[in-house]
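So you know, we letter chains A, B, ... as the sequences are listed, proteins then strands, and number each from 1.
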Amino acid sequence: MASQTNCSVDIPAGRGRRILAQAAAGLLRTLWHCRFGLVDAQRRRKIVGQQARRFCEAMGPSFIKLGQLASVRPDVFAPETVFELERLQDRIAPVSTRVIREAITRQLGADPDRVFADFDDEPLAAASVAQVHRARLRQAYRPVRGAVLPAGTWVAVKVLRPGIDSIIAADLAIARRWAQRLSRFRRLARWGPIELVDEFADMLGRELDLRNEGRTADRFGHDFKDDPQVRVPRIIWRHSTSRILVSEFVEGWRLNELGAAERAGIDARRLAIHGADVFMRQVLVLGYFHADLHPANLFVTPEGQLCFLDFGIVGTTTAAQQEAIAQVLAGLVYGDAARALRYSRKLGLEIPETQVEPIRAKIEQLVHTHLLAPATADVRGFALGFLSTLTDFRVRIPAGYGLLIKALVTVEGVSHAIYPDLDLMEAAQPFATRLIAAQLMRPERLRERVAAARSAAMEALLA
Amino acid sequence: MNNFVELLAAWALFHESADEGWKAAVARGRAQTPGAMKDGPDAFVEGLAALVDEEKERLKQRLAEESTTPEKGTPSESAERLEQLGFEIAELRGQVESLQASIDGIADQLQR
Ligand SMILES: Nc1ncnc2c1ncn2[C@@H]1O[C@H](COP(=O)(O)OP(=O)(O)OP(=O)(O)O)[C@@H](O)[C@H]1O
């Protein structure tokens, strides 16, 4: 029953069986830990999440990537699973430098020692699909924005692991075959396994062409050009292809390396708030946001800037959504659950009339226990509780909505890594206010909503 | 003239949007947890005031500038447009450079 796409893909012998064996073992472990269904639903979903994470880590790159993609999709998977998958370990054994050097030579038509001034054989990082090495520019380069990068500038050379495409294609072919089998069961078909695999294949495909990431990085840097606290490495396109991305190397601390000494040198509280601001500006003004923020993708530079790396997953928002999101945020910030819910429905959350009241009551309770009552607001706890509630009430979560909530939680995590005592809700109050006002003041909004007011004013003036 | 009316319209909208429902919502939020949100409505009003002021100034300035340079747009607008254009051209250049790198790679493969 192989589909057309399967035919052209080489599936290594035994790969399907190995995956199946791992999955079966995982399933057994899950059943055991769940006491064969005797533990409560939330606990069960958490255990499933833990086992899914172990399974992904054991199965290698495509599953790690799949897990990472799943970790921003609370619309598809149970919230507890999604939060667990976030902890997926992405650091794996590096590929030998010889192989990386060959890959660069094949891609650029010259060996790394001719392309770069110094090519560091020691990898900087080895992740599931790519490996990063440091090098220096041989010639000056004029990037898409900002000043010319002089010869000798340190750069980060990100290279896709050779053969990664075929590994992923093979795994996807297996996944597709299973999806077809599963979709024959009516109960599972509702879940859309084939569409899901296709969607993941799509996202993975986009991640496997590094030029997408480079373009987003340049665009992001351009949009934040007036913000001296935001840094985005510029891309050296002359040495970049779909499989190699060369960007200026940025010195800094990863968030989990930030100690007291580092914090002392920068205004950590301001930077943490600024990080949240930057995110809000992306979501509510620019219409796209970095949806794959995690501590390894964010640096703090010695100059006290935030440096954003790795624009693999990007979410988008339309003007109408931006307005509703601002309202939801304001509702949460001011403890107004009814408002948050009303505008969530505008964002595509379909809640039957009869369930609005019980869900509102539950949200109100969550807002109080997680956001307003504690000394420091706990957005993560709130989001998990909120998504769990929706799951319990069987409310379908729209993809964009889920992505956004996940991203908001990450922003809190990031802000806390910079300044542990930050209360995001408190910091957001004046900001949420300004946002709503700014939304209402937009010319296109004015034009649309005040036609009547305008003609009345005109008449008054002419009278 | 149009901008002046827009300013009035902005004001009109403001009064319309800071409606009783919104005010009540803020008050409701406040009533739920005394203390925890004591800054809420104040911060809200302050934010609004600041924004209205900013917008007023901006509109006023645009009005003044527009009466002197009717069609071409303000110098700062032109500069911004030029910058945007510059960025887009540079983006295209980046794409071409990247294609060139790929071509070099393919050419080298063919020669081997
Ligand atoms: N421009 C840069 N300057 C400094 N370090 C960099 C730069 N680019 C990448 N790195 C280092 O390489 C690591 C991996 O890079 P990146 O996150 O882009 O790869 P990835 O394969 O997408 O990883 P992940 O799967 O974890 O997102 C980063 O965490 C960082 O330590």
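The environment of CZ in R93(B) is crowded: more than 12 heavy-atom neighbours from other residues, nucleotides or ligands sit within 6.0 Å.
By the 4.0 Å N-to-carboxylate-O rule, E213(A) lies close enough to K158(A) to be salt-bridged with it.
Note: V144(A) leads T105(A), T241(A), V144(A) in heavy-atom pairs under 4.5 Å with chain B. When S98(B), A107(B), A101(B) are compared by the number of non-hydrogen pairs under 4.5 Å with chain A, S98(B) comes out ahead. Among R211(A), R106(A), R243(A), R215(A), the residue making the largest number of heavy-atom pairs under 4.5 Å with chain B is R106(A). By number of non-hydrogen pairs under 4.5 angstrom with chain B, the leading residue of H222(A), R219(A), Q107(A) is H222(A).
To the nearest 0.5 Å, atoms CZ (R161(A)) and CD1 (I100(A)) are separated by 7.5 Å.
In this structure, no portion of I103(B) lies under 4.5 Å from any heavy atom of chain A. Heavy atoms of Q109(B) lying under 4.5 Å from chain A belong exclusively to its side chain. Contact of R142(A) with chain B is made through backbone and side chain together, with heavy-atom distances under 4.5 Å.
With no hydrogens or angles considered, no side-chain donor-acceptor pair links E248(A) and Y141(A) at under 3.5 Å. Inspection of the Q84(B) and E88(B) side chains reveals an N or O donor paired with an N or O acceptor under 3.5 Å.
Of the possible polar contacts, one joining the R234(A) side chain to the A147(A) backbone as a donor-acceptor pair under 3.5 Å is found.
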